[in-house]
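Every chain is numbered from 1, with letters handed out A, B, ... down the list of sequences.
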Amino acid sequence: MLSIKNLHAKIEDNQILNGLNLEVRPGEVHAIMGPNGSGKSTLASVLAGREEFEVTDGTVDYLGKNLLELDPEERAREGIFLAFQYPVEIPGVSTINFMKTAVNQVREARGQEPLDAVSFLGVMKEKMKLVEIDQSLLNRSLNEGFSGGEKKRNEIFQMAMLEPKLAILDETDSGLDIDALRIVANGVNKLRNKNNSIIVVTHYQRLLEYIVPDFVHVLYKGKIVKSGTKELALELEAKGYDWIKDEVALA
Amino acid sequence: MSKDNQVLEEITSKEYEHGWTSNIEMESAPKGLNEDIVRFISAKKNEPDWLLEWRLKAYRHWTTMKEPKWPNVTYPEINYQDVIYYAAPKQKAKPKSLEEVDPELLKTFEKLGISLTEQKRLTGIAVDAVLDSVSVATTFKEKLGELGIIFCSFSEAVQEHPELVKKYLGSVVPMNDNYFAALNSAVFSDGSFCYIPKGVRCPMELSTYFRINAANTGQFERTLIVADEGSYVSYLEGCTAPQRDENQLHAAVVEIYAMKDAHVKYSTVQNWYPGDKDGKGGIYNFVTKRALCAGNHSKVSWTQVETGSSITWKYPSCILKGDYSSGEFYSVAVTNNYQQADTGTKMIHIGKHTKSRIVSKGISAGRSQNSYRGQVHVLKRAESARNFSQCDSLLMGDQCGAHTFPYIDVENNSAKVEHEATTSKIGEDQIFYCLQRGIDEESAVALIVNGYAKEVLNQLPMEFAVEAQKLLALTLEGSVG
Ligand SMILES: Nc1ncnc2c1ncn2[C@@H]1O[C@H](COP(=O)(O)OP(=O)(O)OP(=O)(O)O)[C@@H](O)[C@H]1O
Ligand SMILES: [Mg+2]
């Protein structure tokens, strides 16, 4: 599905990713943890194609394609979805209208007929149930005045609508109350299947109790410095990052 | 090629959609302006003496006036002697019905998406189509006539309803009001006239479509709308012009007279040729639009979507004379490349408990300059007047400018006047968010801009709102990157 080799990326003069390697196969869920500022969101942005970040070395192969050559909208149409750490507000544009535009452009790119209003609404109702989101929220301007939790839930709703092959969830759990966390995690689990993959960026092992990962990685100073199974997350929760930083310093 | 360059390439190759010309045999006045030209126009129209006198008075007044220099726009000196003041499609005799109209003319409007054949029109919109200086055809006349509604070309109104024209012409915009209004009063050649009788609710949208075709020709049309007591009408104006290298002058006047309890909604989608990407050519649009809310509880709303013209100078205004009368102004003005717009409104509160609301959304891209200029004047006797103004500017790129000039003048202490203004930039973050969902950049800009302008677009009649949305997107195509 996704194969990242020796990825280096910088923004302006700041080198952020320093030789990152990651292999994600279909059906797998990978969790990425790591201290603040280690480069997790940067990795997500680079994968989504944000132009401010310049890739200086390395390769990214996605479903047999050179991902780095694709424009951001092409990546989205090829099935990459990023749930933003900080979702953006677009005044005057309802989530419904926004999603209708997105879904139909993605369909068009895939050579499918656009959904008419009725079938779109049908799909929407179904996905709304999945993430237990209220239509009144979707009628409002996108993310404008949404609470932190509403924004995150809206991201997962969009994910459900777009049915991505590779979803990257950047701290989708932060700002969620306990019920919302469970709802969002349930939503993600329902979208999980043997053909698609998920990268979950999180600071808390709590989320990983709901979305059980196949692998856990620690990103530090722009590199994956440790990988393991879900037990690693528990260990991190208990011990913090210092022991890993020490290991890296010794190496 | 980098993505930015590609996008740039796309706009520069993008042409103004309505830039073509039609091959129609024309009859025109010689270049230049003097009393003889004024007489020539009046004679062509077979006008009564009082109207000729009115024109001459306006002309003489105009010669004593100076072009206004206060708008925030710059352009080379206009040589008023180098303009043709009258051009009309040559037609053998005045067509009595649509079947007699030159098919080439009908085709011209057909091409603009304006069907003048009534059977073909699905929706209830009556159109008065004006090409260069004259009205070509007006649809649905008989049907409206049954309700006593008069909707015809201005020339026809002069012949058929002289008493109404004489009574209301210049009653809202006096012939000596300002430089361009005086010029218009002297040489106006046609336009639309509309009268809605007492208590009648006009069952369809009335619309005038203006098209400049001839070269070197100024267009000076005049629209007069009289809404009698308790009547309602929604009026729409659209306009386009061919793409030409030289600038063309357009100086129109619109007067609205609203009596007691009357409600007039006037919407404009202005799409005159804006000039090319280097600022060459385009229409100079100097327009005076004013409504008089003469009667108590009368109401006038102006809605405008301004996308075209190289220079726009335009302030649709309301004189709120009747007690409890109200005026609204909703505007989206987009400028791109080298366009300059200085537009806004005036709300003059004279009556008691008068209300006004101003919502202005400026969008500037390229190297354009976009100014909002608005005046709210509450006179001494306007007890309990209220105004709310919201002026927002959206910038795309860093070479354009947005300016706001609010003038607030309150002479009565009971007045409540609120003014809010914001300036924002279209965010890279917003665009990236859209791209990440699979939406391409052009659509992303369109989505964001239409969201920003939503409050104004919502005021437009449904099908024109859709058209206006497309137009906004088209005007801004490629301006991010
Ligand atoms: N536009 C930018 N200009 C300069 N530095 C930047 C920019 N964006 C990110 N950085 C820096 O890159 C580093 C990595 O940031 P990133 O957002 O990827 O961290 P993160 O691992 O997601 O952190 P967190 O856990 O706090 O979300 C940080 O030091 C950050 O300050
Ligand atoms: Mg982050």
Response to the item:
For B/Asp440 and A/Gln105 the tightest heavy-atom approach is N-OE1, 2.8 Å
Worksheet item: Which heavy-atom pair separates B/Leu447 from A/Val93 by the least distance, and what is that distance?
Response: O-CG2, 3.2 Å
Discussion item. Can you classify the ring geometry of A/Phe84 versus B/Tyr433 as parallel (below 30°), tilted (30 to 60°) or perpendicular (above 60°)?
Written reply: tilted
Discussion item. Could you report the tightest heavy-atom contact between B/Gly438 and A/Ala76, atom names first, then the distance?
Written reply: N-CB, 3.3 Å
Worksheet item: Is B/Gln436 reaching over with its side chain to a backbone N or O of A/Leu82, donor-acceptor style, under 3.5 angstrom?
Response: yes
Worksheet entry | Any A/Pro91 side-chain heavy atom under 4.5 Å of B/Gln430 side chain | yes
Item to complete: Side chain from CB out, backbone as N, CA, C, O: work out which of these in A/Tyr86 comes under 4.5 Å of a heavy atom of chain B, or both, or neither.
Response: neither
Practice prompt. Counting only heavy atoms closer than 4.5 Å, note whether A/Leu142 contacts chain B via side chain, backbone, both or neither.
Written response: side chain
Fill in: Contacting moiety of A/Pro164, where chain B heavy atoms sit under 4.5 Å
neither
Fill in: From CE (A/Met161) to CZ (B/Arg437), nearest 0.5 Å
12.0 Å
Worksheet item: Counting only heavy atoms not in A/Gln112, do more than 12 fall under 6.0 Å of its CD?
Response: yes
Response to the item:
Residues A/Arg77 and B/Ile439: closest non-hydrogen pair is NH2-C, 4.1 Å
Discussion item. For B/Arg386, is the CZ atom crowded, meaning more than 12 foreign heavy atoms sit under 6.0 Å from it?
Written reply: no
Discussion item. For B/Lys355, I'd like to know if atom NZ has over 12 heavy atoms of other residues, nucleotides or ligands within 6.0 Å.
Written reply: no
Fill in: Spatial distance of atom CD (A/Glu52) from atom CG (B/Asp429) [nearest 0.5 Å]
7.5 Å
Worksheet item: Does atom NZ of A/Lys65 have more than 12 heavy-atom neighbours, drawn from other residues, nucleotides or ligands, at distances under 6.0 Å?
Response: no
Worksheet entry | Heavy-atom neighbours of A/Lys127 NZ exceed 12 at 6.0 Å | yes
Fill in: Interface moiety of A/Arg50 toward chain B, non-hydrogen atoms closer than 4.5 Å
both
Discussion item. Counting only non-hydrogen atoms closer than 4.5 Å, does A/Glu89 touch chain B with its backbone (N, CA, C, O), its side chain (CB onward), both, or neither?
Written reply: backbone
Practice prompt. Let me know which of A/Thr101, A/Ile90, A/Val88 forms a side-chain contact (heavy atoms from CB on, under 4.5 Å) with B/Cys434.
Written response: A/Ile90
